[in-house]
Amino acid sequence: MKLPLDFYRRPDPVGIARELIGKHLFTRIDGVLTGGRIVETEAYAHLNDQACHSHLGRYTARTKIMYEPGGVAYTYLIYGRYTLFNIITNEAGKADAVLIRGLEPLEGIPEMLLRRGITAVQRNLTSGPGLLTQALGITTAHYGTDLTGNFIWMEDQGEKVAYEDIIASPRVGIDYAGEDAALPWRFRLKDSKWVSPAK
DNA sequence: CCTGCGATGTCCT
DNA sequence: GGACATCGCAGGA
């Protein structure tokens with residue numbers, strides 16, 4: 001079933017990031033269904049987390065969507081070439097987010113290969129936050145997209161992932177966050193080949 | 001207005 | 001292991 005707004009509008013982005021492992025992410029862009037199983041996430045909290053774009057209430061053109069009620073997409077361009085996809089969680093004004101970092105491709109694989117410009121189903125089809133967005137057709141144009149709508153959504157397909165099968169470790173690429181860089185808020189499905197290659 | 005750089009990935013050595 | 005592409009945004013002037 002499609003994850004409802006209630007799922008997103010809760011506190012504790014860390015718990016939500018963990019719960020999203022084993023859920024499914026779908027897009028229907030230009031009428032084409034693509035999607036897969038989420039195997040890697042990271043949590044970003046508006047409180048006491050220097051790595052979070054909304055840290056200290058920072059409110060800019062880029063971060064304003066984070067202050068909406070949970071259940072919308074936060075997309076942004078990184079390094080001038082990759083779009084990263086986050087879900088916004090919590091209630092309005094409590095700007096938490098979860099970054100989706102790894103996906104096991106399941107649905108619409110031919111279209112995803114086409115978008116990625118590769119011919120074989122291999123790890124770099126959807127392993128990595130900048131790659132899965134390409135495969136799914138997510139761009140900065142999807143900034144603010146309703147995650148319970150018909151373009152981007154998540155589903156619980158009934159899978160129960162065992163606690164010990166989810167590996168928690170420090171987040172990637174946030175050395176600037178000082179001691180918060182050590183927080184174990186990156187979650188990966190154990191033994192999945194579809195987690196991002198990042199250390 | 002101007003400058004520096006990032007929640008990355010790829011290619012080269 | 002290291003260089004670097006490429007551009008919107010953040011922050012300072």
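Letters A, B, ... mirror the listed sequences (proteins, then strands); counts begin at 1. All values below were derived from every heavy atom in this structure, side-chain atoms included, with hydrogens, water molecules and symmetry-related copies excluded. Everything quoted here is computed from the prediction, not taken from an experiment.
Aromatic ring centroids of A:Y44 and A:H55 lie 6.0 Å or more apart.
Residue pairs meeting the ring-ring contact (aromatic ring centres under 6.0 Å, His included) criterion with at least one partner in residues 134-154 of chain A, sequence neighbours excluded, are A:F26-A:W153.
With P as the reference atom, C:dA3 and B:dC5 are 15 Å apart, rounded to whole Å. Taking atom C1' on both B:dG4 and C:dC4, the two are 16 Å apart, rounded to the nearest angstrom.
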Completion exercise
For DNA chain C, the dot-bracket notation using Watson-Crick and G-U wobble pairs below 3.5 Å, [ ] for pseudoknot-type crossings and | for other-strand pairs, is |||||.||||||.
Exercise for the section: Going 5' to 3' through nucleotides 4-12 of chain B, assign each nucleotide B (protein heavy atom under 4.0 Å from a base atom), S (under 4.0 Å only from sugar-phosphate atoms) or - (no protein heavy atom that close). Expected result: --BBBSS--
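For the pair A:M112/A:L125, a side-chain contact is recorded, criterion being any heavy-atom separation below 4.5 Å from C-beta on.
The salt bridge (charged side-chain N to carboxylate O under 4.0 Å, His left out) check on A:E155 picks up nothing, with sequence neighbours excluded. Considering only residues two or more places apart in sequence or on other chains, A:R58 meets the salt bridge (charged side-chain N to carboxylate O under 4.0 Å, His left out) condition with none of them.
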Handout entry: side chain to side chain contact (heavy atoms under 4.5 Å, CB included) between A:K23 and A:I21, worked out
Key = CA-CA 6 Å; A:K23 299 292 190 290; A:I21 301 296; over 6 Å; no
Exercise for the section: Verify side chain to side chain contact (heavy atoms under 4.5 Å, CB included) between A:R62 and A:Y76, making sure each step is shown before the conclusion. Expected result: CA-CA 7 Å; A:R62 183 175 71 159; A:Y76 70 95; 3.6 Å; yes
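With a 6.0 Å cutoff to the six-membered ring centre and a 45° limit on the axis angle, A:R18 counts as a cation-pi contact of A:Y163. For A:R10 and A:F7, the positive end sits near the middle of the six-membered ring, less than 6.0 Å away and at most 45° from its axis.
Screening A:S196, A:S192, A:S127 for a side chain to side chain donor-acceptor pair (under 3.5 Å) involving A:E40 leaves a single residue, A:S196.
Counting 5' to 3', DNA chain C first comes under 4.0 angstrom of a heavy atom of chain A and last does so at the ends given by C:dA5 to C:dG11.
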